[in-house]
Amino acid sequence: MDKYEAQQIEVKWQQVWADARAFEVPNPEPGARGEERKSYVLEMLPYPSGTLHMGHVLVYTLGDVLTHFRRRNGFEVMRPMGYDSFGLPAENAAIAEGGHPREIVERNIEHIRSEMKRMGWAIDWSREFSTHDPEYYRWTQWLFLQLFEAGHAYRKAAPVNWCPNDQTVLANEQVKDGRCDRCGAEVEARNLEQWFFRTTAYADHLLDEMDQLDWPERVLAMQRHWIGRSEGAEVLFRVEELDLDLPVFTTRADTLFGATYFVLAPEHPLVERLAADSPNGDELREYVRRAGAKPAAERAAGADKTGVSTGFFATNPVNEARIPIWVADYVLMEYGTGAIMAVPAHDERDGAFAERFDLPVVTVVDEDGQLVESAQFSGQPHTEGGEAIVEWLGTRGRGRPAVNYRLRDWGFSRQRYWGCPIPVVYCGDCGIVAVPDSDLPVLLPEIEDYKPKGVPPLAQADEWVRVDCPRCGKEGRREVETMDTFVDSSWYFLRYCDAHNDQAPYDREIVDYWMPVNDYTGGVDHSTVHMIYARYFTKALNDLGLIGHREPFKRFFGNGWVTQGGSKMSKSKGNVTGPDALVKLYGADATRLYILFIGPADQDMEWNESGIEGTQRFLRRLWRVVGEVVEQAPAGEPGEGGIARKAHRTIARVTDDLGRRHQFNTPIAAVMELVNELAKAPGDQAARFAAKTAVSLIQPYAPHVAEELWEQLGHERLWEQPWPTHDPALLEEDTFELVVQVNGKVRDRFVVPVGLSEDELVARAKESPKVQAQLNGGEIRKTIVVPRKLVNLVLG
RNA sequence: GCCGAAGUGGCGGAACUGGCAGACGCGCCGGACUCAAAAUCCGGUGGGGGAAACCUCGUGUGGGUUCGAGUCCCACCUUCGGCACCA
């Protein structure tokens, strides 16, 4: 038998699979039901910023192991691949290096695709697409219009990071220490009209329907916190001078009698009005300007409270007290109503502020948790008292129970070039008008310069911008903002189901067959934003009758990060190791094995190449041992000898690890053990069976060498063979090693037959000379017998 | 500060329901093969004591529950991740 030549074998089998279209799966016949048979295995699609790194190798190898495992367990598996190809990095690369973002991503995609093929991942390439293809983003636009026309999308003013020097909006990651990372200018806050999806309308659904999900608890917890539901009350404070009511949200209505002042966020729309009539209006405006410019991090870290009094007063509805209205940046516009009642006695932050500005402090809950100084509510326990106060306010129309969320609506417009155009037209007469379906896609126009200059880059495309209003025919202007790439990735899993449909984003019946995704795999860094948005999108589309399911990802496996030098591999940090050199040196199979062998896949792992030779060594050893087995092992039934039992035990372990425990490193160790044992007895009666088993079990990890060895063992097409099953009878042993403890410490161990009674086990334990020595004539107070495991003798 | 995850040999890690701590691999040490080296193969490898049989200590720290704790409970320390003046 020849030497193990990874390169040669891998390229050979990759060609065989491609020719056989081995991993393409057809769509169902109309009317087919998928629940029992289908399995949709998906990993988060890559962003084509450069080449693959070991983080990608981890995710896609994980997905690959699941794909093979499910396929061979009788499921019809769809496992597609695509590229999240719109977005900022490509646009910035185009600005920095010249060229078109499209050329850049398409070049990267080509490279990534060839790397993926060289890794031998079992992908259904017939479903491949990129989100920047007009054939794809046409339907992104179409879906947006469905949501827009149903009232899910709207426009409102919201602050953005603005660089006054570059005249452009900056993403959070482009702001370093409050300065533009390109030119160093101090970043300002600017209010811009932008597009939003009403994600908050789905807050409760997003929370409640989590019970349908088989996700890691830590990810569910992150989402729960992100949504941040909290129950409390909304209470109206009267501002007499302005003749209006200001609502506040509070979780501590029980402390209302202790509210001694009132605070508005600097961004609160009322502040402008107050400044106009306030004696210290100038000071107020200056404070608001500075607070807006203050980097969020600094504002958040600021232990020192700052603020300005407005000179206006609000009336506390419980006791008619007139309390001063302040403006302070410790109150956030994004949370609650942007206004709070301040209770210095019972809120740490209010307390610090009151001390700084010498504001009154009134204690209304005593050490026993009873209300005091609270009129007719005094003496009640504060929890019940709070409810009573809200109820009393309700009868007077000044308050009601309310629920507040941390979750905000999703701002999805970007003042950028490289994204999906938002298909609406602004008309002087008709307002915002949807582009009709027949005019989709709204193609991204070619422009000269991707740098924004005060206006989004698309505004340069004058010809393109000017367009007749689809409704009245008068001249209108196209939307020049593009969509957030999270919109693209909120439905890509639907498109895979019916990737080349040119009449619709997908056929509803086909999507209903494949969806939801059975196994979703990706970095935990997407546990909140992407996975909340995708869940929101799914629910909204379901409510529009466009799909039949409400949750996109039934099971989720969040893989850890592959770090190098302690931080996550990324092109921008320059700490990237890719698969290419490893494949050349060790082969794809050894690389795939190694990335899953180095540790639990759901935990972060520091990349360290030194062990990869071990997995290569293992494959060589497997190769050699299989060769010896082919030469030496007798034909015929494996029987029930030692190596047969070991093989059955290994099947049971690997199957349980992959199927139930979602553990990907230990199966490799289990197969290594089997191979180690087989190496000692390649001529054993059961050696052929053991070799087959080892090859078959390692196939999801190392499919090329497995296929080659499978053939050498006289079989064909391992990739479509049923997953091996173990014989439970062969897991049973006739004997076991009895552990004998004295006072809980192991003193002896010896092999005994299965089936001895407890008394017999104890008797044997006592016979042991080593145990005798420990007993030393002492009295046994208690004996513990754990069947099939141990005897513990406790001395008095 | 809050929420979550994790702390086990020189290193990555294993030990699933409380029952032999350290599977598997890396590294290292010794041996075989070789003129030699690489590769490969065989053996060893937690600390301390002992010539050895064996004894003893040992899973971040301190307590506790239990016949028995890496695993359960309480308090704490450290690291990583998420969120954060959240009303």
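Naming convention: chains lettered A, B, ... in sequence-line order (proteins, then strands); numbering from 1 in each chain.
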Which atoms of nucleotides 17-20 of chain B (N or O only) lie under 3.5 Å from a protein N or O atom, and what are those distances?
residue	atom	partner	partner atom	Å
B:G19	N2	A:Gln741	OE1	3.0
B:C20	O2	A:Arg749	NE	3.4
B:C20	O2	A:Arg749	NH1	2.7
B:C20	N3	A:Glu737	OE1	3.1

If I pick the C1' atom on B:C77 and the same atom on B:G62, what distance separates them, to the nearest angstrom? 10 Å
If you compare every side-chain N and O of A:Lys745 against the phosphate oxygens of B:G68 (OP1, OP2), does one of them come in below 4.0 Å? no
Determine the interplanar angle of the A:Trp326 and A:Phe353 rings, folded into 0 to 90°, and report it as parallel if under 30°, tilted if 30 to 60°, perpendicular if over 60°. perpendicular
Kindly point out which of B:A87, B:C54, B:G82 is positioned nearest to the side chain of A:Trp561? B:G82
Mind running a 4.0 Å heavy-atom check of residues 224-234 of chain A against RNA chain B and sending the residues that fall below it, in number order? A:His225, A:Trp226
Closest to side chain of A:Gln603, choosing from B:A87, B:C67, B:A6: B:A6
Roughly how far apart, to the nearest Å, are B:C85 and B:C74 at atom P? 30 Å
Step by step, work out the salt bridge (Lys or Arg N to Asp or Glu O under 4.0 Å) result for A:Glu779 and A:Arg781. CA-CA 6 Å; A:Glu779 192 197 341; A:Arg781 184 166 55 86; over 6 Å; no
Would you say B:C86 has OP1 or OP2 under 4.0 Å from some side-chain N or O of A:Asn404? no
Options B:C85, B:A15, B:G13, nucleotide nearest the side-chain atoms of A:Lys305: B:C85
For the side chain of A:Tyr330, counting heavy atoms from C-beta on, which of B:G13, B:C54, B:C85 is nearest? B:C85
Is there a side-chain contact between A:Glu234 and A:Thr337, using heavy atoms and a 4.5 Å cut-off? yes
Base-pairing assignment for B:G43 (Watson-Crick or G-U wobble, both under 3.5 Å): B:C29
Hunt down the Watson-Crick or G-U wobble partner of B:A69, both distances under 3.5 Å, from any strand shown, or write none. none
If the C1' atom of B:G22 is compared with that of B:C57, how far apart are they to the nearest Å? 15 Å
Salt bridge or not between A:Glu673 and A:Arg653? Use side-chain N to carboxylate O under 4.0 Å. yes
Quick check for you: to the nearest 0.5 Å, what is the distance between A:Thr363 atom OG1 and A:Leu371 atom CG? 12.5 Å
A:Asp204/A:Arg229 salt bridge by N-O under 4.0 Å criterion: yes
Classify the ring geometry of A:His530 against A:Phe486: parallel below 30°, tilted from 30° to 60°, perpendicular beyond 60°. parallel
Looking at B:C83, which nucleotide sits across from it as a Watson-Crick or G-U wobble partner, both distances under 3.5 angstrom, or is there none? B:G1
When the ring planes of A:Tyr335 and A:Phe249 are compared, do they come out parallel, tilted or perpendicular, using 30° and 60° as the limits? perpendicular
Ignoring hydrogens and geometry, is there a side-chain-to-backbone donor-acceptor pair from A:Thr521 to A:Val59 under 3.5 Å? no
Please tabulate the protein-to-nucleotide N/O contacts below 3.5 Å involving nucleotides 8-10 of chain B, giving atom names and distances.
none

Which label fits A:Phe556 and A:Tyr520: parallel for a plane angle under 30°, tilted from 30 to 60°, or perpendicular past 60°? tilted
Using the test ring pair (Phe, Tyr, Trp, His ring centres under 6.0 Å), find all partners of A:Trp226 that sit at least two apart in sequence or belong to another chain. none
Any chance the side chains of A:Ser610 and A:Asn608 put a donor and an acceptor closer than 3.5 Å? yes
Write down the distance separating the P atoms in B:U61 and B:U71, rounded off to the nearest Å. 11 Å
Is there a side-chain contact between A:Phe618 and A:Phe597 (heavy atoms, below 4.5 Å)? no
With both distances under 3.5 angstrom, what nucleotide forms a Watson-Crick or G-U wobble pair with B:A75? B:U61
For a quick check of understanding: with a heavy-atom distance under 4.0 Å over all strands, which category does A:Asp350 fall into, base, sugar-phosphate or nothing? nothing
Can you find a side chain N or O atom of A:Arg406 that sits less than 4.0 Å from OP1 or OP2 on B:G82? no
In B:G49, glycosidic geometry as syn within 90° of 0 or anti otherwise: anti
Does B:U40 have OP1 or OP2 under 4.0 Å away from a side-chain N or O of A:Arg620? yes
In Watson-Crick or G-U wobble terms, with both distances under 3.5 Å, the base opposite B:A36 is none
Identity of whatever pairs with B:A52 - Watson-Crick or G-U, under 3.5 angstrom: none
B:G9 - base-pair partner by Watson-Crick or wobble geometry, distances under 3.5 Å: none
What is the pairing partner of B:C20, taking Watson-Crick or G-U wobble pairs with both distances under 3.5 Å in any strand? none
Where protein sits on nucleotides 23-28 of chain B, one letter per nucleotide: B base, S sugar-phosphate only, - none, heavy atoms under 4.0 Å: BBSSS-
Do any N or O atoms from the side chain of A:Arg238 and from the backbone of A:Pro317 form a donor-acceptor pair under 3.5 angstrom? no
Any residue meeting salt bridge (charged side-chain N to carboxylate O under 4.0 Å, His left out) with A:Arg398, in chain and number order, not counting sequence neighbours: A:Asp245
Rounded distance in Å between the P positions of B:C72 and B:A5: 12 Å
If the cut-off is 4.0 Å, is A:Gln616 near the phosphate of B:A39, judged by side-chain N/O to OP1 or OP2? no
Do A:Thr260 and A:Val361 have side-chain heavy atoms sitting under 4.5 Å apart? no
Please report the distance separating the C1' of B:A21 from the corresponding atom of B:G58, rounded so that it comes out in whole Å. 9 Å
